[in-house]
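Letters A, B, ... are given to chains in the order of the sequence lines, protein chains preceding strands, and every chain is numbered from 1.
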There are 2 protein chains.
Amino acid sequence: MIKCTRCSQVHAISKSGTVRGKQRYYCKDCNMYFTLPEEPAAEIRQHKKHMTTIVDIAKALNISKSTVSRALHEHSDINPQTKAAVLEMAQQLDYQPNLLAKSLVKSKSNTIGIIVPEFLTYFFPTIIMGAQQVAAQAGYNVIICQSQESYKTEVANANILLANRVDGVLISMTRETKKFDHIKAFEKHGIPVVFFNRVCDEMNTSKVLVNDYEGALKAVEHLIKNGYRNIAHIAGPPSLLLTRNRLGGYRDALKKYNLPFKEDLVVHCNLSKKDAVQCAEQLLNMKNRPDAVFCVNDPVAIQLMLEAKKRKIKIPSELGIVGFSNEPSGEVIEPALTTVQQPVADIGRSAADILLTAIKQGEDYVPEMKSLKTTLIVRESSKR
Amino acid sequence: MIKCTRCSQVHAISKSGTVRGKQRYYCKDCNMYFTLPEEPAAEIRQHKKHMTTIVDIAKALNISKSTVSRALHEHSDINPQTKAAVLEMAQQLDYQPNLLAKSLVKSKSNTIGIIVPEFLTYFFPTIIMGAQQVAAQAGYNVIICQSQESYKTEVANANILLANRVDGVLISMTRETKKFDHIKAFEKHGIPVVFFNRVCDEMNTSKVLVNDYEGALKAVEHLIKNGYRNIAHIAGPPSLLLTRNRLGGYRDALKKYNLPFKEDLVVHCNLSKKDAVQCAEQLLNMKNRPDAVFCVNDPVAIQLMLEAKKRKIKIPSELGIVGFSNEPSGEVIEPALTTVQQPVADIGRSAADILLTAIKQGEDYVPEMKSLKTTLIVRESSKR
DNA sequence: CTGAAAGCGCTAACAA
DNA sequence: TTGTTAGCGCTTTCAG
């Protein structure tokens, strides 16, 4: 029963060709050609959105959904014929398992969360990449959160991960994190946590870091061997373990060569660019200006170098500089930056490896601490 | 009633000290010491892991779970007293909503997926960061996938996102992607897709890119105005739209100033470091060596510069270089690299904005194309 | 204003 | 080997 779209009558309608594949009609009363409105399409649309479920497959094959479920996995108790039929029908109907449902029933999301302070230097993305590779290989997704170096955001991130029922968490803390309840919450619910890079002393969880102490020791030793004697250190924020370790390496290198440790040659930097410039200025303005600086990381070292260049201080002859972490910029700057290389992607891979083991082993897992080796890369900025 | 773990008798058991904090027993019959198996611990474990649900809250308050659900949201039909009580109890029991369950019932995961070719230059992480900020603000999580420039991986990524029922997808394709069924699959299920940077011509979806043509035009024009006349172009892979657009800008700039377009001054680079070096060599080895090169991006430009330095070619006097994308390294290299800046974070933000609108509007959404402006940053590498 | 009940898509005993 | 059933935690009609 076709109604005219204008007069709603049915008596004066006749077919009149097709337009864009659709039947066209003609109403003699209104003298109007029309095609049917799109309402049916709405259903098609819904249909369009519908993703096939195991029930769809079951119905199509006239079997139960459990059988379908079994066929879709490597379950032994399944007739190979049935299995083949299911697999084919799944293909035909373009079946995509609903991982949300699966996660719900299994209480396992196959997702791990990563919280990093930021995203812009090459450091954290590389770690994430490493972690992601390992995770993907094991069938895990990764949800990434940035705390933006804000404690509050970090707490929010943790809640999001919790609400998403991640199976495990990789985290590098903000420089201002001093309370850890939000992280302990994971443990409380049996969700393993692995710290990397910026770890938490007071928690008994797995940790992955590089041998900051040794790296710093080697770096400063290198400077000493190159004849520098008045060596300063731009350190990181005191709250971070890596700061203390690198500082320790610096101090012990001096001690090893019987050089005095001078308080005023150590300045702490919060790692922001602005603060890095300030620290650089502070050191370069000293009456007894240091003849070399070991920097907590490359971005800081680069700021220092730029600042020194501005003042026409010759590098490396008047000022030796060593950084930490081997960022790409350090390679192209002139003079090229001597730096302590960390196996960045390895940090991510190791952390993810440990986390996956922790997830697998559940309660039986014993936290471990992994310390990765650093390598001194000697370039121009420290040779004299 | 303690049973021996071997003979299951109870009559011959006596306590016998403790081991690792647990009571130890002795069975005279078996002459065996034992501690109780771990079963009770299993319960404790479950208890530990158990996350409180709305049912827990309902039971504690002796109301129905529907009421709890209503109280937890801004539902009008709810007694403020009840609501307060629920909220307090939720707090007390440390309730964390299970987003998996919610997603399942709402058929909405509040998650968007991002597929990027790689993760290492500062470019994609920055975009992701921008997108993530926008998404987070709207309550969306982000699942990130790397295709590693591999078509096969990209397809796998797409399936993962589909299986995770993401509400929308942001994608920048691999340089080898030529079929798009895996992306069309999203559309088929009503999941909006927004391309960015490396977009797909043949799909009618939203796209965010920068004005590559104009950026390239300005770059080459700048070189011409600085007196360079034999200007080459290291282009990207022909499959990418951005390659064609930047090439178009290059060509039209030449035309505008009546300079000849010479085929052999255009070399295509697949964007890998190795290939970049090769392209650089090819150009620098020409008998009629170009006096300037416009490069498809900064990493390529930097490889070219390093290669030129090796040969003691003076930059910018003997060779002008302009890059594209303003990577950090370009700022510190000497001479500093002239480049076309793209509003990278904006790309991510815009793409996410568009995607969220598309998600919100559903069927009514009309795909749009956004082209962001580029800025020429003039530094030392192109001034003569 | 509140409760009961159905159902999102899936897995996993338990029967048959 | 397969089907039946219950339930993961939540939202959402539909009745009170």
- Message: Looking at B:Lys360, I want to see if its NZ is surrounded by more than 12 non-hydrogen atoms of other residues, nucleotides or ligands under 6.0 Å.
- Response: no

[atom1]/[X] to [atom2]/[Y] distance, rounded to the nearest 0.5 angstrom?
| X | Y | atom1 | atom2 | result |
| --- | --- | --- | --- | --- |
| B:Glu202 | B:Lys179 | CD | NZ | 11.5 Å |
| B:Leu61 | B:Ile54 | CG | CD1 | 12.5 Å |
| B:Leu355 | B:Leu170 | CG | CG | 5.5 Å |
| B:Gln148 | B:Thr153 | CD | OG1 | 6.0 Å |
| A:Ile115 | A:Ile183 | CD1 | CD1 | 7.0 Å |

Can you check the [X] [atom1] to [N] [atom2] distance for me, whole Å?
| X | N | atom1 | atom2 | answer |
| --- | --- | --- | --- | --- |
| B:Lys59 | C:dT2 | NZ | P | 20 Å |
| B:Leu72 | D:dG9 | CG | P | 15 Å |
| B:Lys108 | D:dC10 | NZ | P | 18 Å |

- State whether A:Ser64 places a side-chain N or O below 4.0 Å from either non-bridging phosphate oxygen (OP1 or OP2) of D:dG3. yes

- Under 4.0 angstrom between B:Thr82 side-chain N/O and C:dT2 OP1 or OP2: yes

- Task: Determine to 10° how strongly the helix from C:dC1-D:dG16 to C:dA16-D:dT1 is bent, judged from the axes of its five-pair ends.
- Result: 40°

- Item | Any donor-acceptor pair under 3.5 Å from A:Thr177 side chain to A:Tyr151 backbone | no

- B:Thr205 and B:Glu187: side chain donor to acceptor below 3.5 Å: no

- Message: Classify A:Ser103 by what it touches in the nucleic acid, base, sugar-phosphate, or nothing, heavy-atom distance under 4.0 Å.
- Response: nothing

- Note on the structure: Given protein heavy atoms under 4.0 Å, the one-letter contact record of nucleotides 5-14 of chain C, with B base, S sugar-phosphate only and - none, is simply BBBBBBBBB-

